[in-house]
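Below, chain A is the first sequence line, B the second, and so on; all start at residue 1.
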Amino acid sequence: MSVTLRPYDPAQYEAQWQKAWDKAACFAAAPPDDKRPKYYVLEMFPYPSGRIHMGHVRNYAMGDVVARFKKAQGFNVLHPMGWDAFGMPAENAAMEKKTHPAKWTYDNIDAMRAQLKKLGLSIDWAREFATCDPSYYGHEQAMFLDFLEAGLVDRRESIVNWDPVDQTVLANEQVIDGKGWRSGAPVEQKKLTQWFLRISDFADELLAALDGLERWPEKVRLMQANWIGRSEGLECRFELSHTVGGISALDVYTTRPDTLYGASFCAISPDHPLAVKLAEDNAELAAFRAECAQRGTSEADIEAGEKLGFDTGLTAQHPLDPDWHLPVYVANFVLMGYGTGAIFACPAHDQRDLDFALKYDLPVNTVVRPKDEADFAVTDSAYTGDGVMVNSGPFDGLSPQAAREKIIAQFEARGHGQRRVNFRLRDWGISRQRYWGCPIPIILCDACGAVPVPREDLPVRLPEDVSFDRPGNPLAHHPTWKKVACPTCGGAATRETDTFDTFVDSSWYFARFTELADDAPTRTAAVNHWLPVDQYIGGIEHAILHLLYARFYTRAMHKTGHLAVEEPFAGLFTQGMVCHETYRNDRGWLAPDEVEKTATGAVLAADGKTPVTVGAVEKMSKSKKNIVDPDDIIARYGADTARWFMLSDSPPERDVQWTQDGIEGAWRFVQKVWRLFEAEDATFIDALAAPESPPAHALYAQVQTTIEAVTRELESLGFNRAVARLYELVNALAGFQAESAEDKNCRAYGLTQLMKLLAPMMPHLAETGWARLGGDGLVANSAWPDADKSVLVSDEIVLPVQINGKKRAEISVPKTADAAIIEDMALSEAGVKKFIDGKDISKVIIVPGRIVNLVVK
RNA sequence: GCCCUUGUGGCGGAAUUGGUAGACGCGACGGAUUCAAAAUCCGUUUCCUUCACGGGAGUGGCGGUUCGAGUCCGCCCAAGGGCACCA
């Protein structure tokens with residue numbers, strides 16, 4: 001009589017194994033002198049918002065599979081965890097709930113750490129830190145001073161994006177559709193003195209190095225390349241008809257010098273110094289400038305694309321023809337921040353210029369025509385394609401590309417202009433008018449200017465006694481904190497009250513994890529050993545912001561001697577989002593547990609009858625209430641089930657839809673694996689020679705193909721495909737009838753290997769099974785299996801036979817059979833004969849080991 | 001507007017280099033077990049046609065290359081994403 005196991009109860013085992021791993025210090029990374037090769041796997045660290053969500057579960061489940069898999073493969077694995085702990089929500093909580101941001105943050109960290117631990121992640125918790133720890137941000141301040149000395153930092157007045165709700169400055173990258181990325185409020189333009197990191201100095205490098213990031217998604221590299229936005233062109237000078245306030249000429253940047261003969265006017269930005277100067281004595285122009293400043297930021301205005309201009313009355317001399325004078329306009333579509341803030345316009349070959357020219361009745365001169373249209377002329381749609389130069393004097397007949405080169409060369413030869421490369425990327429403004437961030441270690445003195453805080457005075461700590469009862473920066477309002485003596489002259493001075501953009505904090509945390517040194521941000525031996533991160537995993541939403549900043553910051557750290565590498569992340573994987581159906585009725589959105597699904601739709605769970613509208617599948621979000629809480633899932637099904645479901649079905653880079661059926665399916669699988677242990681022959685057998693009996697041999701072979709396939713899939717992060725192979729093996733084991741001792745041994749062997757293969761994904765169940773089999777120690781510490789490749793190739797193979805490209809039959813042939821034998825066998829197969837009877841065989845294609853195709857007429 | 005990605009059963013999705021389309025999971029249907037249910041086990045499940053054997057069609061659409069196309073090429077359609085007055 002077989003003993004029936006009780007259903008697998010995760011609650012009974014999961015905590016137990018988590019303790020066992022802890023006690024054995026399984027996941028502590030060994031020091032750099034360890035003889036194993038290193039592997040650094042990192043998931044983007046979380047913001048301590050209070051609770052983990054399913055997105056975290058997916059992200060950390062994937063990282064954990066990689067970490068456990070690499071450890072089993074014999075790597076010295078570093079898999080740390082920390083907290084991106086500065087930021088606005090802590091201050092909002094302080095305002096709303098009257099709690100201190102530090103307390104709110106550290107309480108959240110405690111809660112979330114406990115949640116993460118319940119997932120059974122193989123994390124080296126000894127390396128944990130939060131970016132709001134003074135022991136972290138103090139080093140960040142020191143590095144800022146290093147950057148300052150190295151010329152990587154600027155302080156300058158500039159027009160900034162001002163978020164009126166959050167009352168702080170935003171970087172360009174943080175403005176989405178003209179709105180603050182956090183508050184969603186329309187961004188205003190404001191002039192402030194700001195600290196900048198000179199990321200644009202690295203624009204060329206950051207762009208060029210993208211080519212070397214072979215293990216990054218093409219999509220992310222492309223997005224970064226577009227963001228950096230390199231363009232090549234000509235900068236040249238247009239002399240003005242009059243000198244205004246010392247300005248006698250316009251410097252103009254163009255990527256289309258080939259269209260110079262099609263010039264029709266010049267245009268300058270409303271913020272151009274010439275426009276500013278002219279507006280001083282011209283009220284109409286001043287009003288126009290004000291209007292542009294107002295309209296400039298509104299998304300709707302940009303969408304409408306209405307071109308507005310103001311004729312200055314000045315003219316500019318064409319650089320290729322001294323007798324040609326172009327009117328100079330102030331135009332709303334010319335940006336001061338790009339190029340020189342002044343353009344020459346060629347309406348025939350630029351749609352914006354054409355819109356403007358048509359509105360203000362300016363000439364349209366076609367200078368490029370398509371190759372096969374001799375009488376081509378632009379009317380209402382600019383021509384930007386390739387073709388042949390016309391109406392361009394000495395350049396007629398050339399291609400635009402050739403004309404561009406010749407014209408630039410001519411300008412350079414005559415000293416009238418030069419080839420120039422421009423970037424879209426601007427310097428990174430890092431000043432934020434917030435309390436809960438890293439204080440900028442600078443003292444502002446009326447006599448000495450901006451003076452660095454002496455190194456021995458670091459870290460500049462945030463004051464603890466702050467009040468949030470009025471808007472703006474609590475540091476600036478603090479009665480005493482900012483008042484200090486100037487380190488240079490000793491006179492009364494004030495601290496910089498701005499703090500760093502929190503993206504600074506997340507730009508080097510991966511380096512800090514390599515060693516928590518007291519006296520320096522990084523320790524050479526450790527940081528150079530571990531970096532680059534071998535596999536970084538996180539959301540696509542950081543494709544530009546965080547990933548570009550971190551790449552720049554690593555270069556800055558390289559330049560200031562903090563580390564050896566230039567690229568922080570050798571491999572990047574961007575995972576998809578976790579989505580769920582949405583539910584609503586006339587009172588608003590409903591959470592999944594308020595809803596009961598029926599055959600035809602859904603009803604309220606409370607009464608079982610009130611209809612509920614089932615909406616689109618969307619990213620889980622508080623606002624739509626389509627959230628499933630990881631804690632509830634773990635309590636009900638255990639961490640392994642949650643992890644398994646997150647890894648099954650959907651490819652990891654794509655969005656996954658959370659469903660009740662899906663989690664139930666994963667739960668059934670856990671139970672099915674557990675039932676494999678009901679058999680009496682469930683004993684530990686780690687090594688076995690290929691069995692003789694056909695069924696056992698077949699099972700043995702399937703174990704080998706599964707080992708081979710799962711290894712390959714995990715290598716390429718194909719978790720969903722690895723899952724499918726494991727389902728197959730479990731199904732085979734469950735259906736296997738063990739008759740002989742040999743069969744039973746083979747089954748036990750298969751079960752032992754299965755535990756190893758499952759361990760990265762379902763570590764607790766694998767550990768429980770391993771212990772039940774009588775395995776040595778922990779499966780978490782055991783080596784990854786090698787496939788016995790000798791059984792992967794069988795003697796007989798099945799070949800499909802196609803006739804005219806359609807499959808008609810299958811033949812079983814010896815692996816060693818040559819083409820003549822295969823042809824013979826194919827032609828004598830009954831299913832084939834039927835189709836070739838009375839027809840001519842004009843061609844026979846035999847692809848060894850693959851296919852036979854007969855072409856008949 | 002520019003750039004990119006993706007289109008495969010009722011659903012999520014498989015398919016090394018062009019070589020048996022639909023693995024695996026979900027759902028559905030039928031059966032076994034059960035007093036009944038849950039759980040479990042067995043079977044069916046791309047569509048059309050046929051009592052059946054079988055046959056035909058089929059990877060968003062149209063065309064092309066090839067003995068052979070989900071895969072390569074061209075054009076088109078749809079959905080999603082990024083950038084967006086960047087000269």
Side-chain angles (χ1 to χ4, degrees), chain A residues 7 176-178 217-227 229-231 233-234 252-256 259 267 269 296 299 301-308 331-335 337-346 349-353 355-356 382 384 422-426 540-541 543-544 599 617 645 648-651 653-657 659-666 668-669 671-672 675 712 716 718 720-728 730-731 734-735 798-810 834 842-847 849-856:
Chain A
I176 315 288
D177 290 337
E218 188 55 39
K219 183 185 173 156
V220 175
R221 292 195 279 173
L222 214 101
M223 281 166 72
Q224 291 210 355
N226 289 340
W227 186 264
R230 184 180 198 276
S231 71
L234 171 73
V252 161
Y253 174 72
T254 177
T255 56
R256 292 294 304 273
T259 63
S269 163
E299 187 188 359
D301 286 332
I302 292 174
E303 199 112 324
E306 201 196 340
K307 304 285 179 285
L308 300 174
N332 67 336
F333 67 92
V334 181
L335 306 174
Y338 187 80
T340 58
I343 63 164
F344 87 82
C346 173
H349 306 291
D350 181 295
Q351 192 59 45
R352 290 160 309 171
D353 296 349
D355 293 346
F356 192 92
T384 55
N422 252 312
F423 293 95
R424 206 182 151 277
L425 182 71
R426 320 279 174 76
I540 185 75
E541 66 274 20
I544 295 170
V617 174
F645 176 50
S648 320
D649 291 350
S650 290
E653 70 278 10
R654 258 189 251 180
D655 290 353
V656 65
Q657 187 190 346
T659 60
Q660 187 59 31
D661 286 335
I663 188 74
E664 295 279 355
R668 278 199 301 272
F669 179 71
Q671 298 302 336
K672 187 168 189 174
R675 279 195 304 276
R712 180 161 36 83
S716 62
N720 57 319
R721 295 190 295 264
V723 162
R725 300 289 83 77
L726 287 165
Y727 268 112
E728 284 172 336
V730 167
N731 287 341
V798 175
L799 285 187
V801 181
Q802 293 184 339
I803 294 159
N804 292 339
K806 275 196 194 319
K807 184 196 162 195
R808 295 299 182 181
E810 284 180 349
K834 194 168 70 181
S842 53
K843 199 166 178 184
V844 179
I845 296 121
I846 295 176
V847 185
R850 275 288 186 196
I851 203 162
V852 179
N853 192 14
L854 307 173
V855 186
V856 303

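- Scored by the side-chain hydrogen bond (donor to acceptor under 3.5 Å, both in side chains) test, A/Arg352 finds A/Asp350 as partners (sequence neighbours excluded).
- The phosphate of B/rC41 (OP1 or OP2) has a side-chain N or O of A/Arg675 nearer than 4.0 angstrom.
- Comparing the same atom, C1', in B/rA15 and in B/rC62 gives a spacing of 25 Å after rounding to whole Å.
- In this structure, A/Asp353 reaches neither bases nor backbone, as no heavy-atom distance under 4.0 Å exists between it and the strands shown.
- When the C1' atom of B/rA87 is taken as reference, atom CZ of A/Phe423 falls 16 Å away, rounded to whole Å.
- Taking only side-chain atoms of A/Ile544, from C-beta outward, the nucleotide of B/rC83, B/rA14, B/rU40 with the closest atom is B/rC83.
- With a glycosidic angle more than 90° from 0, B/rG81 adopts the anti conformation.
- Atom OG of A/Ser648 and atom CZ of A/Phe669 lie 8.5 Å apart (nearest 0.5 Å).
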Whenever both distances are under 3.5 Å in a Watson-Crick or G-U wobble pair, mark it; put RNA chain B into dot-bracket that way, with [ ] for crossing pairs and | when the partner is on another strand. (((((((..(((......[....)))((((((.......))))))((((....))))..(((((..]....))))))))))))....

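- Dashed line: the shortest gap from a side-chain N or O of A/Arg424 to OP1 or OP2 of B/rA84 is under 4.0 Å.
- When rounded to the nearest whole Å, the span between CD of A/Gln224 and C1' of B/rG81 equals 16 Å.
- The side chain of A/Arg426 has B/rC86 as its nearest neighbour among B/rU20, B/rC86, B/rA15.
- B/rC26 and B/rU16: their C1' atoms are spaced 27 Å apart (whole Å).
- Looking at residues two or more places apart in sequence or on another chain, you find a salt bridge (charged side-chain N to carboxylate O under 4.0 Å, His left out) between A/Lys807 and A/Glu810.
- Put simply, the side chain of A/Pro800 reaches to within 4.5 Å of the side chain of A/Ile851, judged on heavy atoms.
- For the pair A/Leu335 CG and B/rC83 P, the computed distance is 16 Å after rounding to whole Å.
- Here the side chains of A/Phe645 and A/Thr659 are in contact, with some heavy-atom distance below 4.5 Å.
- Residue contacts for A/Ser648: at a heavy-atom cut-off of 4.0 Å it reaches no nucleic acid atom on any strand shown.
- Between B/rA28 and B/rC77, the distance separating the two P atoms is 39 Å to the nearest Å.
- Take A/Phe423 and apply the ring pair (Phe, Tyr, Trp, His ring centres under 6.0 Å) test, not counting sequence neighbours, and it matches no residue.
- Of the two residues contacting RNA chain B, namely A/Ser269 and A/Pro651, the nearest-nucleotide position lying further toward the 5' end is that of A/Pro651.
- Looking only at side-chain heavy atoms (C-beta outward), A/Glu653 and A/Ile540 stay at 4.5 Å or farther from each other.
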In 5'-to-3' order, the base (B), backbone-only (S) or no-contact (-) status of each nucleotide in nucleotides 1-10 of chain B, using a 4.0 angstrom heavy-atom cut-off, is --SS------

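- Atom name C1', nucleotides B/rC73 and B/rG18: the rounded distance is 13 Å, in whole Å.
- In this structure, the side-chain contact (heavy atoms from CB on, under 4.5 Å) partners of A/Tyr338, at least two apart in sequence or on a different chain, are A/Ser231, A/Tyr253, A/Asn422.
- A/Asn422 has no side-chain polar atom (N or O) that falls below the 4.0 Å cut-off from OP1 or OP2 of B/rA87.
- Between the side chain of A/Thr255 and the main chain of A/Gly233, no donor-acceptor pair closer than 3.5 Å is present.
- Look at NZ on A/Lys807: it is 16 Å from C1' on B/rG56, rounded to the nearest Å.
- A heavy-atom distance below 4.5 Å is found between the side chains of A/Ile343 and A/Asp353.
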Any protein N or O atoms within reach of nucleotides 70-72 of chain B? Criterion: under 3.5 Å, listing atom names and distances.
none

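- In terms of position along RNA chain B, the nucleotide closest to A/Asn720 lies nearer the 5' end than the nucleotide closest to the other residue of the pair A/Leu799 and A/Asn720.
- Looking at heavy-atom distances under 4.0 Å, A/Arg221 makes no contact with the nucleic acid at all.
- Judged purely by distance below 3.5 Å, without hydrogens or angles, the side chains of A/Lys843 and A/Asn853 never pair a donor atom with an acceptor atom.
- Counting any heavy atom pair closer than 4.0 Å across all strands shown, A/Val656 reaches no nucleic acid atom.
- Judged as a ring pair (Phe, Tyr, Trp, His ring centres under 6.0 Å), and not counting sequence neighbours, the contacts of A/Phe356 are A/Phe265, A/Tyr329, A/Phe333, A/Tyr360.
- Here the closest non-hydrogen pair linking A/Asn804 and A/Val855 is OD1-CA, 3.4 Å.
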At a cut-off of 3.5 Å, list every protein nitrogen or oxygen paired with a nitrogen or oxygen from nucleotides 65-67 of chain B, distance to 0.1 Å.
from: B/rC67; atom 1: O2'; to: A/Asn853; atom 2: ND2; distance (Å): 3.2
from: B/rC67; atom 1: O2; to: A/Asn853; atom 2: ND2; distance (Å): 2.6

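- The shortest distance between side-chain heavy atoms of A/Asn720 and A/Asp649 does not fall below 4.5 Å.
- The gap from the C1' atom of B/rA69 to that of B/rG58 amounts to 14 Å, rounded to the nearest Å.
- You'll find the side chain of A/Val801 stays beyond 4.5 Å of the side chain of A/Leu799, heavy atoms only.
- Note on A/Tyr253: every side-chain N or O is 4.0 Å or more away from OP1 and OP2 of B/rA87.
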Take nucleotides 24-32 of chain B nucleotide by nucleotide from the 5' end and write B, S or -, depending on whether a protein heavy atom sits under 4.0 Å from the base, only from the sugar-phosphate, or from neither. SSSS-----

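- The CG atom of A/Asp355 sits 20 Å away from the P atom of B/rA84 (whole-angstrom rounding).
- Applying the side-chain contact (heavy atoms from CB on, under 4.5 Å) criterion to A/Glu728, with sequence neighbours excluded, gives A/Gln702, A/Arg725.
- Side-chain N/O atoms of A/Ser231 include one lying less than 4.0 angstrom from OP1 or OP2 on B/rA87.
- B/rU59 and B/rG22 have their P atoms separated by 14 Å, with the value rounded to a whole Å.
- Closest contact between the side chain of A/Lys806 and the listed nucleotides B/rA57, B/rU20, B/rA14 involves B/rA57.
- Distance from the side chain of A/Val334 is smallest for B/rA87 among the nucleotides B/rC85, B/rA87, B/rA14.
- Applying the side-chain contact (heavy atoms from CB on, under 4.5 Å) criterion to A/Glu218, with sequence neighbours excluded, gives A/Arg221, A/Leu222.
- Comparing B/rG27 with B/rU33, their C1' atoms are spaced 23 Å from each other, to the whole Å.
- Distance check on atom P: B/rA52 versus B/rC48 gives 13 Å, rounded to whole Å.
- Per the geometry, CD belonging to A/Gln671 stands 11 Å off P belonging to B/rC41, to the nearest Å.
- Straight-line distance from the CE atom of A/Met223 to the C1' atom of B/rC83: 9 Å, rounded to whole Å.
- One can find a donor-acceptor pair under 3.5 Å joining the base of B/rU17 and the side-chain atoms of A/Arg850.
- Distance A/Arg808 CZ to B/rG68 C1': 14 Å, rounded to the nearest Å.
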